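Chain identifiers are assigned alphabetically (A, B, ...) following the order of the sequence lines, protein sequences preceding nucleic acid strands; residue numbering begins at 1 within each chain. Just so it is clear, the structure is predicted and the values come from calculations on it, not from any experiment.
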Number of protein chains: 2
Amino acid sequence: MAQAKSELFKEELSVTARYFKALAHPARVQILQFLAKSKSCITGDISDELPLGRTTVNQHIKELKKIGLITGHIEGVKTKYCLDPKGVTELKKVLQLFIEELDVKDYCCD
Amino acid sequence: MAQAKSELFKEELSVTARYFKALAHPARVQILQFLAKSKSCITGDISDELPLGRTTVNQHIKELKKIGLITGHIEGVKTKYCLDPKGVTELKKVLQLFIEELDVKDYCCD
DNA sequence: AATATTTGACGTATATTTGCGTCAAATAAA
DNA sequence: TTTATTTGACGCAAATATACGTCAAATATT
């Protein structure tokens with residue numbers, strides 16, 4: 001009985017909320033920022049960077065993949081994780097729009 | 001055994017993720033945007049605007065209050081809901097910083 | 001005073017998230 | 001070929017989130 005109502009909202013709202021949800025955990029924020037800061041793809045265990053077990057980190061990575069923010073190509077034994085520039089650009093666009101819509105400049109409380 | 005590890009992350013990451021989490025539902029995004037678009041406080045049942053029951057909407061409002069994005073003063077029988085400019089400004093700052101850190105311009109995948 | 005409206009608090013049921021252990025497939029190294 | 005490494009898939013248990021019904025307190029209305 002919980003949730004299943006999300007599709008009753010306008011598509012744009014759902015898209016925005018879905019991105020927010022994908023980033024609603026510090027591990028996922030950190031993974032994204034780690035990849036961004038490295039300025040390149042990462043081969044090796046990303047879980048070394050986080051205070052969580054490998055399996056758990058993998059699950060967060062999976063979620064970020066699912067929403068299209070990162071990709072992972074197999075490279076021999078290791079996997080190469082990259083930001084997905086397309087998804088990231090889309091995310092930034094959505095966030096930017098959200099920020100602009102939340103204009104509070106001439107907000108008056110009578 | 002689930003979660004309780006969030007405090008193992010750096011405070012800034014947690015703050016960012018907490019904001020994302022607060023917006024991780026279309027209802028909450030819509031409530032914020034509704035208040036922003038009205039350019040003023042709203043007296044009356046916000047749940048009229050959403051495809052959800054009143055109790056449920058109230059719960060989402062409560063979460064937005066908890067994180068400091070909206071306020072609600074009692075005004076006679078009704079309650080006046082407002083954006084909290086301070087919280088909103090802080091949110092926008094956090095989001096803006098997140099976007100900037102996610103620079104993908106000179107991201108190279110070798 | 002009695003009644004109606006409005007809204008938060010509380011409880012409940014279901015769904016999802018989180019965190020992790022274990023296992024199996026795939027490749028590298030011996 | 002045997003033995004490590006690496007990583008995704010699967011499943012489990014606990015915690016949270018979601019959605020809502022019901023109730024009670026507070027203020028208006030009659």
Side-chain angles (χ1 to χ4, degrees), chain A residues 1-9 13-14 17-32 34-35 41-67 69-82, chain B residues 1-9 13-14 17-32 34-35 41-67 69-82:
Chain A
M1 219 175 260
Q3 191 160 319
K5 298 251 174 168
S6 289
E7 69 266 5
L8 297 178
F9 289 90
L13 279 176
S14 298
R18 197 147 45 232
Y19 272 125
F20 280 129
K21 192 169 188 174
L23 300 166
H25 193 288
R28 295 195 287 275
V29 175
Q30 187 175 349
I31 291 168
L32 272 192
F34 173 64
L35 285 174
C41 295
I42 295 298
T43 304
D45 201 347
I46 295 188
S47 74
D48 291 345
E49 308 287 327
L50 310 201
L52 294 174
R54 186 188 60 76
T55 330
T56 307
V57 171
N58 253 16
Q59 218 161 355
H60 288 301
I61 288 176
K62 202 164 133 191
E63 276 188 74
L64 290 171
K65 269 189 201 165
K66 201 174 65 185
I67 204 169
L69 288 174
I70 68 177
T71 61
H73 322 93
I74 294 158
E75 186 108 328
V77 191
K78 305 212 172 181
T79 298
K80 202 165 66 171
Y81 297 107
C82 308
Chain B
M1 216 176 263
Q3 190 157 318
K5 297 250 174 167
S6 289
E7 69 266 6
L8 298 176
F9 289 89
L13 280 176
S14 298
R18 198 149 41 232
Y19 273 126
F20 280 129
K21 193 169 187 173
L23 300 166
H25 193 289
R28 295 195 289 273
V29 175
Q30 187 175 349
I31 291 168
L32 273 192
F34 173 64
L35 285 174
C41 295
I42 294 300
T43 304
D45 201 348
I46 295 190
S47 74
D48 291 344
E49 307 288 325
L50 310 201
L52 293 174
R54 187 188 58 79
T55 330
T56 308
V57 171
N58 253 15
Q59 219 160 355
H60 288 302
I61 289 176
K62 202 164 134 190
E63 277 188 75
L64 290 171
K65 269 188 200 164
K66 201 175 65 188
I67 204 169
L69 288 174
I70 69 179
T71 60
H73 323 92
I74 294 157
E75 185 107 330
V77 191
K78 305 211 171 181
T79 298
K80 203 166 64 172
Y81 298 106
C82 308

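Between the side chain of B:E49 and the backbone N or O of B:Q30 there is no donor-acceptor pair closer than 3.5 Å. In this structure, the side chain of A:R28 engages the main chain of A:A22 through a donor-acceptor pair within 3.5 Å.
Here the C1' atom of nucleotide C:dG11 and the NZ atom of B:K62 are 12 Å apart, to the nearest Å. In this structure, A:K66 places its NZ atom 15 Å from C1' of D:dG8, rounding to the nearest Å. The CG atom of A:L50 sits 13 Å away from the P atom of C:dT18 (whole-angstrom rounding). With rounding to whole Å, B:I31 atom CD1 is found 11 Å from D:dA19 atom P. Distance CD (A:E75) to C1' (D:dT7): 14 Å, rounded to an integer number of Å. Atom CZ of A:R18 is separated from atom C1' of C:dT16 by 15 Å (rounded to the nearest Å). Put simply, CZ on B:F20 is 20 Å from C1' on D:dT16, counting in whole angstrom units. Atoms CG (A:L64) and P (D:dG8) sit 13 Å apart, rounded to a whole Å.
Atom CG of A:L8 sits about 12.0 Å away from atom CG of A:L13, to the nearest 0.5 Å. Atom CG in A:L35 sits 8.0 Å away from atom SG in A:C41 (nearest 0.5 Å). Taking OG1 from A:T79 and CG from A:D45, the interatomic distance works out to 10.0 Å, rounded to the nearest 0.5 Å.
Using cut-offs of 30° and 60° on the angle between ring planes, the pair B:F9 and A:H25 is perpendicular.
Using five terminal pairs a side, the axes of the helix from C:dA1-D:dT30 to C:dA30-D:dT1 at its two ends make an angle of 10°, given in steps of 10 degrees.
Closest approach to the A:V77 side chain among C:dG8, D:dT18, D:dT5 is made by D:dT5 (side chain taken as heavy atoms from C-beta onward). Nearest to the side chain of B:T79, among D:dG11, C:dT7, D:dT7, sits C:dT7.
A sub-4.0 Å separation between OP1 or OP2 of D:dA26 and a side-chain N or O of B:K78 is absent. A close approach under 4.0 Å does occur between a side-chain nitrogen or oxygen of B:K21 and OP1 or OP2 of D:dA17. Residue A:T56 places at least one side-chain N or O under 4.0 Å from the OP1 or OP2 atom of C:dC20. Taking only side-chain nitrogens and oxygens, A:N58 comes nearer than 4.0 Å to OP1 or OP2 of D:dG8. For B:H60, no side-chain nitrogen or oxygen approaches OP1 or OP2 of D:dA17 to under 4.0 Å. The phosphate of C:dG8 (OP1 or OP2) has a side-chain N or O of B:Y81 nearer than 4.0 angstrom. Of the side-chain N and O atoms in B:R28, one or more sit less than 4.0 angstrom from OP1 or OP2 of D:dT18.
Side-chain contact between A:H60 and A:L52 is present, with at least one heavy-atom pair separated by less than 4.5 Å.
Heavy-atom distances to DNA chain D give each of B:T55 and B:E63 a nearest nucleotide, and the one nearer the 5′ end belongs to B:E63. With the nearest nucleotide of DNA chain C identified for both A:G76 and A:A27, A:A27 has the one nearer the 5' end. Two residues, B:Q59 and B:D45, neighbour DNA chain C, and the one matched to the more 5' nucleotide by heavy-atom proximity is B:D45. In terms of position along DNA chain D, the nucleotide closest to A:I61 lies nearer the 5' end than the nucleotide closest to the other residue of the pair A:I61 and A:F9.
Contact of A:R54 with C:dG19 (side chain to base): no donor-acceptor pair of N or O atoms is detected under 3.5 Å.
Each of B:L50, B:T56, B:N58, B:V57 was checked for a side-chain contact (heavy atoms from CB on, under 4.5 Å) with B:R54, and the lone residue meeting it is B:N58.
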